[in-house]
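All residue numbers refer to positions in the sequence shown, counting from 1.
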Amino acid sequence: MNQILKKLRRYEIMIRKVVNNQLQGDYQSIFKGAGLEFDDLRPYQYGDDVRTIEWKVSAKGHGTFVKTFREDKDQSVYFLLDISGSQDIGELGHKKIDSSKELAGVLTLAAIFEGSQVGLISYSDQKEKIILPGKGPKQGVKIIQGIFHHENKSLKTNLKEMFNFALNLIKKRSIIIVVSDFIDEGYERPFKALADKHDLVAIQVTDPRESALPSLGIIPVYDKELGRTTWVNTAFGSFSKKISDTFTYERDHLKTICKKNQINYLGVSTKDDIVLPLIELFKKRNRSMKRG
């Protein structure tokens, strides 16, 4: 556990230094701006988020008004971590699940450092580990232990149920960071509902072999989620193309949903160091908050 914490702290300090240098001290803004309470009304200005328009007041005919908010000091950050069997792909020590856990761990330390309340929901096709939000170093260690020491009850995936569970559990507006490969279907409606209610960040973890399976002839492919082996002929060009096309479609589909619903999207490959992508996430959120 000490080795894990040292590695995560090293990453977190590295990210903080780089982002602070580039954003003039606005590093903490990744965990700001979501926990907001209603404050007042003011006339609509060009560029305001249409979701903040107060329609009942505006309908009275005296102009268009938007709601203003003040920061909620007890804002919560939740990590929704997909730990299903499809995450167990990649080289030993560099699988998708390894990258997912490191991403959630580093961001946990960053959120704790900024004084946020931090919680965890780990999910497969059922709830695996729930840690309700709390502050301070002890909470950080508790969550990181929950991330790295948990043993799965199931290896199946159900993102729809994970998002529905989060919708029912998290009542107060929070920052929700989803870490998943997003290999599933039918999750769109509750995913969008989370974005309407909360400040949502989607981190999609991928592995190169998902989009470019090498030509190895007839090989056994073991499906961890279903617990069975299927023999496939990787030498067929049509098979490789189908794999590649499916990967591209699923990733583009997720990106489109995120763009339409103001969800911060970040793609991370197992072949990449997690530091640079996370710096990009901090920059992206910093820019969007300045616009807001």
Inset, instruction - Output, in order, the C-alpha distance, side-chain angles, deciding distance and verdict of side-chain contact (heavy atoms from CB on, under 4.5 Å) for Ser84 and Leu155. - result: CA-CA 5 Å; Ser84 60; Leu155 291 173; over 6 Å; no

Inset, instruction - Mark yes when over 12 heavy atoms from residues, nucleotides or ligands other than Glu91 sit less than 6.0 Å from its CD; otherwise mark no. - result: no

Inset, instruction - Examine the side chains of Asp40 and Thr68 and answer whether a donor and an acceptor come within less than 3.5 Å of each other. - result: no

Inset, instruction - Work out which heavy atom in Leu167 is nearest to a heavy atom in Ala193; give both atom names and the distance. - result: CD1-CB, 3.7 Å

Legend entry - Aromatic ring pairing Phe191/Phe182, orientation class (parallel under 30°, perpendicular over 60°, tilted between): perpendicular

Legend entry - Distance under 6.0 Å and angle within 45° of ring axis: Arg42 vs Phe65: no

Legend entry - Nearest heavy-atom neighbours spanning Ile263 and Ile257: CD1-O, 4.4 Å

Inset, instruction - For Ser154 and Asp125, test the side chains for any donor-to-acceptor distance below 3.5 angstrom and give the result as yes or no. - result: yes

Legend entry - Contacts of Lys7 that satisfy salt bridge (Lys or Arg N to Asp or Glu O under 4.0 Å) - sequence neighbours left out: Glu102

Legend entry - Lys60, NZ atom: more than 12 neighbouring heavy atoms under 6.0 Å: no

Legend entry - Within residues 250-271 or reaching into it, pairs that qualify as ring pair (Phe, Tyr, Trp, His ring centres under 6.0 Å) - sequence neighbours excluded: Tyr249-His253

Inset, instruction - For Val141 and Met1, work out which heavy atoms get closest and say how close. - result: O-CE, 4.2 Å

Legend entry - Over 12 foreign heavy atoms within 6.0 Å of NZ, Lys197: yes

